[in-house]
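Report on the structure given below.
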Amino acid sequence: MMNKLIELRNISRAFGRTQQATRVLESIDLTIDDGDKLAIVGPSGSGKSTLLSIIGLLDPHYQGDYFLRGRNIKALENKQLSQLRNNQIGWIFQNFNLISHLSALDNVAIPMRYNQNIKSKEYNERALHALDVVGLADKYALKPSELSGGQQQRVAIARALINEPSLILADEPTGNLDSHTSSKIIELLLNLPTSGATLVIVTHDANIAQQCSRRVKIHDGSLVHDHQ
Ligand SMILES: Nc1ncnc2c1ncn2[C@@H]1O[C@H](COP(=O)(O)OP(=O)(O)OP(=O)(O)O)[C@@H](O)[C@H]1O
Ligand SMILES: [Mg+2]
């Protein structure tokens with residue numbers, strides 16, 4: 001039986017003052033199990049990134065309940081929340097979000113600095129291993145500007161994996177890549193060696209959504225579940 005990683009119950013999110021608030025998400029219910037590869041689709045402005053920010057513990061201003069491994073997020077202290085954000089969740093963005101003056105190796109190493117379980121003398125070896133997993137060990141010394149878009153996204157994936165998170169969140173990870181590079185990146189994401197990792201991908205691309213094990217669509221603020 002699958003273990004429940006995330007349970008969202010009756011989650012709503014509105015922006016702005018209550019009178020004229022824009023309601024973006026309305027009573028969302030969603031369960032994500034360990035190992036799920038879930039695609040979130042929906043038109044631009046429908047709330048995909050908003051939902052991902054809530055799932056990624058970046059946005060506490062929602063109504064409803066969010067259980068992570070059965071624990072209500074609202075019951076957690078700030079310190080526990082920031083440890084979860086850094087150690088249990090890996091983010092991948094459309095524009096890679098690498099630090100331009102750091103080498104690929106040093107970019108990948110960043111999340112380890114906030115992980116008390118990893119000693120600083122292990123940083124380089126672990127970062128190099130993560131770059132090797134994404135096929136970029138030979139580029140470890142290069143800066144983002146010296147890498148192609150696909151290579152930069154591989155560095156970002158290595159960075160997202162470095163703390164061995166249980167949840168990987170990707171917001172349009174191939175939005176800035178050509179279709180060939182895009183399929184390579186998706187293949188990599190869907191076949192990560194940390195096979196138990198749960199993946200949530202926001203995407204406009206029906207092909208990518210089709211390759212995931214589950215799909216949900218945001219429509220007028222509600223979640224439409226695909227038949228599985
Ligand atoms: N911080 C904010 N303040 C006010 N409104 C916001 C904020 N963040 C998002 N919104 C609004 O919420 C709606 C959903 O935005 P969101 O970024 O989640 O959409 P999306 O589905 O990710 O779109 P896209 O596919 O274009 O990335 C939009 O109408 C947006 O203007
Ligand atoms: Mg978005």
Side-chain angles (χ1 to χ4, degrees), residues 5-32 36-68 73-74 78 81-82 84-85 89-98 144 149-150 152-157 159-160 165 167-179 181-183 185-186 188-190 198-226:
L5 176 63
I6 285 171
E7 190 173 6
L8 303 182
R9 275 199 216 146
N10 205 15
I11 294 279
S12 299
R13 179 66 163 104
F15 292 104
R17 284 172 292 138
T18 36
Q19 289 303 315
Q20 307 102 322
T22 321
R23 298 187 67 79
V24 177
L25 302 176
E26 292 264 12
S27 308
I28 301 271
D29 290 318
L30 176 65
T31 300
I32 305 174
D36 273 355
K37 317 289 177 198
L38 172 71
I40 300 177
V41 300
S44 179
S46 59
K48 303 181 297 296
S49 298
T50 301
L51 180 59
L52 211 60
S53 299
I54 293 172
I55 293 173
L57 307 176
L58 296 179
D59 176 11
H61 304 290
Y62 56 85
Q63 280 89 53
D65 286 305
Y66 175 177
F67 298 91
L68 185 64
I73 290 303
K74 285 182 181 142
N78 283 338
L81 272 176
S82 50
L84 280 175
R85 271 188 220 109
I89 300 175
W91 275 95
I92 299 162
F93 299 95
Q94 175 169 352
N95 52 8
F96 323 132
N97 285 15
L98 300 174
Q152 290 182 60
Q153 195 59 305
R154 283 171 191 273
V155 174
I157 292 170
R159 179 183 59 186
L167 179 61
I168 295 165
L169 303 177
D171 196 344
E172 293 283 358
T174 62
N176 284 346
L177 303 173
D178 64 78
S179 61
T181 312
S182 166
S183 32
I185 289 292
I186 292 303
L188 178 64
L189 277 175
L190 292 174
T198 305
L199 180 66
V200 182
I201 306 184
V202 164
T203 183
H204 280 106
D205 187 328
N207 269 329
I208 293 174
Q210 220 43 52
Q211 292 175 64
C212 294
S213 60
R214 293 177 59 196
R215 284 152 292 281
V216 293
K217 183 176 178 180
I218 303 181
H219 183 73
D220 290 341
S222 301
L223 212 58
V224 183
H225 292 253
D226 241 32

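Start at 1 and go down the list; that is how both ligands and their atoms are numbered. Predicted, not measured: the structure shown is a model, and the values here were computed from it.
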Checklist outcome for this item: Any heavy atom of Glu172 under 4.0 Å from ligand 1? The part involved is neither

Item to check | Region of Thr50 engaging ligand 1 - heavy atom pairs below 4.0 Å | outcome: both

Checklist entry - Do side-chain atoms of His225 reach the backbone of Asp29 as a donor and acceptor pair under 3.5 angstrom? => result yes

Checklist entry - Which atoms form the tightest heavy-atom contact between Ser46 and Ile218, and what is the distance? => result O-CG2, 3.2 Å

Item to check | Closest contact, heavy atoms only, Gly64 versus Lys74 | outcome: O-NZ, 2.6 Å

Checklist entry - According to the interplanar angle, ranging from 0 to 90°, do the rings of Tyr66 and Tyr62 count as parallel (below 30°), tilted (30 to 60°) or perpendicular (above 60°)? => result tilted

Quick check: do [X] and [Y] have side-chain heavy atoms less than 4.5 Å from each other?
X: Ile6; Y: Leu167; value: yes
X: Leu51; Y: Leu8; value: yes
X: Leu177; Y: Phe96; value: yes

Among all protein heavy atoms in this structure, tell me which lies nearest to [atom], with the distance rounded to 0.1 Å.
atom: atom 17 (O) of ligand 1; result: Ser49 CB, 3.7 Å
atom: atom 25 (O) of ligand 1; result: Lys48 NZ, 2.7 Å
atom: atom 26 (O) of ligand 1; result: Ser44 OG, 2.6 Å
atom: atom 23 (O) of ligand 1; result: Gly45 N, 2.8 Å
atom: atom 3 (N) of ligand 1; result: Phe15 CD2, 3.5 Å

Quick one: does [X] get a heavy atom under 4.0 Å from ligand 1?
X: Gly47; value: yes
X: Gly16; value: no
X: His204; value: yes
X: Val24; value: yes

Next on the checklist: Suppose I only count heavy atoms of Pro43 and a 4.0 Å limit; which atoms of ligand 1 are within that range?
Outcome noted: 21 (O)

Checklist entry - Given the protein's heavy atoms, is any one of them under 4.0 Å from atom 28 (C) of ligand 1? => result yes

Next on the checklist: For atom 31 (O) of ligand 1, is there a protein heavy atom at a distance under 4.0 Å?
Outcome noted: no

Checklist entry - Is there an N/O/S atom in Ser44 that lies less than 2.8 Å from the Mg ion (ligand 2)? => result no

Item to check | The single option from Thr203, Leu190, Ile201 passing side chain to side chain contact (heavy atoms under 4.5 Å, CB included) against Gln211 | outcome: Leu190

